[in-house]
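Given the structure is predicted, the values throughout are model-derived calculations rather than measurements. The residues of the chain are indexed from 1 along the displayed sequence. As the structure lists them, so they are numbered: ligands from 1, and atoms in each ligand from 1.
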Amino acid sequence: MLSSTLLCIAGALLASAHTVITYPGWRGNNLITDEDFPYGMQWMYPCGGIPLTSNRTFWPVTGGAIAFQPGWFQGHSTAFIYINMGLGTEGPDHGPANMSLAMVPPFQIIGPTKNPFPGTMCLPQVPLPANVHVKAGDNATIQVVELALHGASLFSCVDITFVEPNDSRLEEVTEDNCFNSTDIGFADIYTLTVRASGQTLATGGAARQLLPFLSWLPVVFGGMWLLL
Ligand SMILES: *[C@@H]1O[C@H](CO)[C@@H](O)[C@H](O)[C@H]1NC(C)=O
Ligand SMILES: *[C@@H]1O[C@H](CO)[C@@H](O)[C@H](O)[C@H]1NC(C)=O
Ligand SMILES: *[C@@H]1O[C@H](CO)[C@@H](O)[C@H](O)[C@H]1NC(C)=O
Ligand SMILES: *[C@@H]1O[C@H](CO)[C@@H](O)[C@H](O)[C@H]1NC(C)=O
Ligand SMILES: *[C@@H]1O[C@H](CO)[C@@H](O)[C@H](O)[C@H]1NC(C)=O
């Protein structure tokens with residue numbers, strides 16, 4: 001009873017905040033489910049159903065802070081987060097043609113519950129994508145992707161214009177707009193290659209890689225039998 005009351009209060013607070021990317025800004029409220037977006041706007045690639053905007057915000061040419069609230073949707077307490085940049089005006093909405101330039105390695109967030117949860121997280125110094133060079137006045141779009149447990153993704157974007165880091169139009173990064181809530185944990189993501197592209201199982205390194213597993217499996221099970 002008490003916890004459901006608390007959840008309602010938390011939900012009301014979240015709903016009144018109306019933001020997902022909290023720094024440096026976002027394209028607009030896409031936490032909407034209606035006739036046009038019966039499954040919810042935020043699932044739409046590339047920017048959660050909102051086309052390119054012209055009320056851009058400013059972001060440093062040297063890279064800078066990105067803060068957002070990942071806990072708006074029910075059904076998953078953990079998710080993978082990707083932060084990408086799009087450049088150019090070749091897209092259908094005259095924005096970027098794609099959002100394929102990764103800014104940080106993907107990482108996992110660990111929320112407290114499967115229900116919507118409060119909390120903000122902030123990466124204080126996100127660099128530009130590798131090999132991307134910009135100058136003050138250039139435009140770009142930053143995309144935050146939240147890959148849910150079932151494989152679908154939530155998208156949110158902010159359209160930016162690059163400025164020098166000492167530009168007075170930059171919103172100052174402070175402990176109030178860039179912080180990590182204790183609600184949200186983090187984990188690194190690792191992959192383990194079990195078979196490289198082009199390798200056959202019979203002759204490739206994969207078979208050798210699997211062998212250690214195959215040989216210790218009986219040991220584990222054997223040990224369990226002994227315990228029984
Ligand atoms: C742009 O305008 C929309 C609609 O008023 C607003 O929701 C959004 O926060 C604005 N974006 C920025 C970066 O100011
Ligand atoms: C950047 O975007 C703004 C507003 O959308 C536009 O007025 C400006 O011409 C663009 N700048 C460049 C260099 O394309
Ligand atoms: C993404 O867009 C950029 C800029 O238009 C382009 O150079 C690049 O080839 C595109 N990448 C992919 C994977 O489509
Ligand atoms: C801001 O930085 C630029 C380049 O680093 C420099 O040329 C300019 O003088 C600086 N402006 C101010 C107001 O400090
Ligand atoms: C928030 O946590 C992430 C992941 O551990 C870390 O990279 C980042 O620097 C933290 N942000 C702040 C404002 O301390």
Can you report which non-hydrogen protein atom sits closest to [atom], along with the distance?
| atom | value |
| --- | --- |
| atom 13 (C) of ligand 3 | Ser100 OG, 3.9 Å |
| atom 8 (C) of ligand 4 | Asn166 ND2, 3.8 Å |
| atom 4 (C) of ligand 3 | Leu87 O, 3.9 Å |
| atom 5 (O) of ligand 2 | Arg56 NE, 3.3 Å |

Per atom 14 (O) of ligand 2, closest listed option by heavy atom (Thr53, Leu52, Asn139, Asp138)
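Of the listed residues, Asn139 has the closest heavy atom.
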
Do any non-hydrogen protein atoms sit less than 4.0 Å from atom 2 (O) of ligand 4?
yes

Sub-4.0 Å protein heavy atom near atom 11 (N) of ligand 3:
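Yes, because at least one protein heavy atom sits under 4.0 Å from atom 11 (N) of ligand 3.
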
Under 4.5 Å between any side-chain heavy atoms of Pro60 and Val163, yes or no?
no

Pairwise side-chain contact, Thr120 with Ser181, heavy-atom cut-off 4.5 Å (strictly under):
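In short, these two side chains touch, coming nearer than 4.5 Å.
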
Taking every non-hydrogen atom, the tightest pair across Lys135 and Val61:
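So the two residues come closest at C-CG1, 3.7 Å.
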
Backbone or side chain, does any N or O of Asn98 fall under 3.5 Å from an N or O of ligand 3?
yes

Which atoms from ligand 2 have a heavy atom of Gly137 less than 4.0 Å away?
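Per the distance check, 11 (N), 13 (C).
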
Under 3.5 Å: donor-acceptor pair, side chain of Trp59, backbone of Ile142:
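Judged by distance alone, no pair lies under 3.5 Å.
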
Is a side-chain N or O of Thr22 found less than 3.5 angstrom from the main chain of Ala67, in a donor-acceptor match?
yes

When you check the side-chain N and O atoms of Asp188 and Gln108, is any donor under 3.5 Å from an acceptor?
no

Classify the ring geometry between Trp43 and His150 as parallel (under 30°), tilted (30 to 60°) or perpendicular (over 60°).
tilted

